[in-house]
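Heads up, the thing below is written out as structure tokens.
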Amino acid sequence: APVYQSLDYINGATNEYSFRMKEEDRVHEQNVRKIRFEFRRDGDQEKYDRAMRAEQKRHNEALNAIEHDYSCGTPWR
């Protein structure tokens, strides 16, 4: 009888929720780096604060959506 192995995701996750969380963390880190780069370039503190607040809000909403899907048992939207 053939032995079936679980699907491993490219980022080392073992299930789709873990994959989505890791992917969101990667995107968040990339966005934060971009915001910090822009701040170092132009030094606009208000623009930096606004961008960081907006990114943190976006990140929190994305994580909440993933956690909601996990608690409801719905894998993908």
Side-chain angles (χ1 to χ4, degrees):
V3 176
Y4 294 102
Q5 187 175 359
S6 66
L7 176 66
D8 288 333
Y9 292 88
I10 196 164
N11 66 359
T14 55
N15 64 59
E16 52 209 303
Y17 304 107
S18 177
F19 173 78
R20 289 171 62 192
M21 292 291 272
K22 286 175 184 263
E23 187 66 14
E24 175 54 34
D25 284 342
R26 185 192 64 76
V27 168
H28 177 64
E29 180 64 29
Q30 185 176 355
N31 290 346
V32 168
R33 286 181 187 196
K34 178 183 174 203
I35 293 166
R36 287 182 182 149
F37 174 80
E38 292 286 330
F39 175 66
R40 282 193 303 271
R41 196 172 66 176
D42 63 18
D44 187 345
Q45 185 70 46
E46 289 180 16
K47 179 180 166 188
Y48 172 80
D49 292 342
R50 276 194 312 271
M52 286 299 276
R53 276 195 302 273
E55 171 55 24
Q56 191 60 52
K57 182 180 181 202
R58 186 208 62 78
H59 180 61
N60 290 342
E61 289 172 355
L63 292 182
N64 287 338
I66 295 168
E67 290 172 7
H68 178 265
D69 289 349
Y70 181 75
S71 64
C72 294
T74 54
W76 298 99
R77 287 184 183 212

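All heavy atoms count here, side chains included; hydrogens, waters and symmetry mates do not.
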Salt bridge (charged side-chain N to carboxylate O under 4.0 Å, His left out) assessment of E38 paired with K34: CA-CA 6 Å; E38 292 286 330; K34 178 183 174 203; 5.9 Å; no
Verdict with supporting geometry, I66 and E23, side chain to side chain contact (heavy atoms under 4.5 Å, CB included): CA-CA 11 Å; I66 295 168; E23 187 66 14; over 6 Å; no
Residue pair E24, M21: steps toward the side chain to side chain contact (heavy atoms under 4.5 Å, CB included) verdict: CA-CA 5 Å; E24 175 54 34; M21 292 291 272; 5.8 Å; no
D25 vs H59, side chain to side chain contact (heavy atoms under 4.5 Å, CB included): CA-CA, chis, key distance, verdict: CA-CA 8 Å; D25 284 342; H59 180 61; 3.4 Å; yes
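The distance from atom NZ of K47 to atom CG of D42, rounded to the nearest 0.5 Å, is 4.0 Å.
Atom CD of Q45 sits in a crowded spot, with more than 12 heavy atoms from other residues, nucleotides or ligands closer than 6.0 Å.
Counting only heavy atoms from C-beta outward, the side chains of N64 and E67 approach each other to under 4.5 Å. For the pair N31 and R58, the minimum side-chain heavy-atom distance is below 4.5 Å. Side-chain contact between R53 and Q56 is absent, with no heavy atoms from C-beta onward closer than 4.5 Å.
For E16 and R20, the salt-bridge test fails: no basic side-chain N is under 4.0 Å from an acidic carboxylate O.
Using bins of under 30°, 30° to 60° and over 60° for the plane-to-plane angle, the ring pair Y48/F39 lands in the tilted bin.
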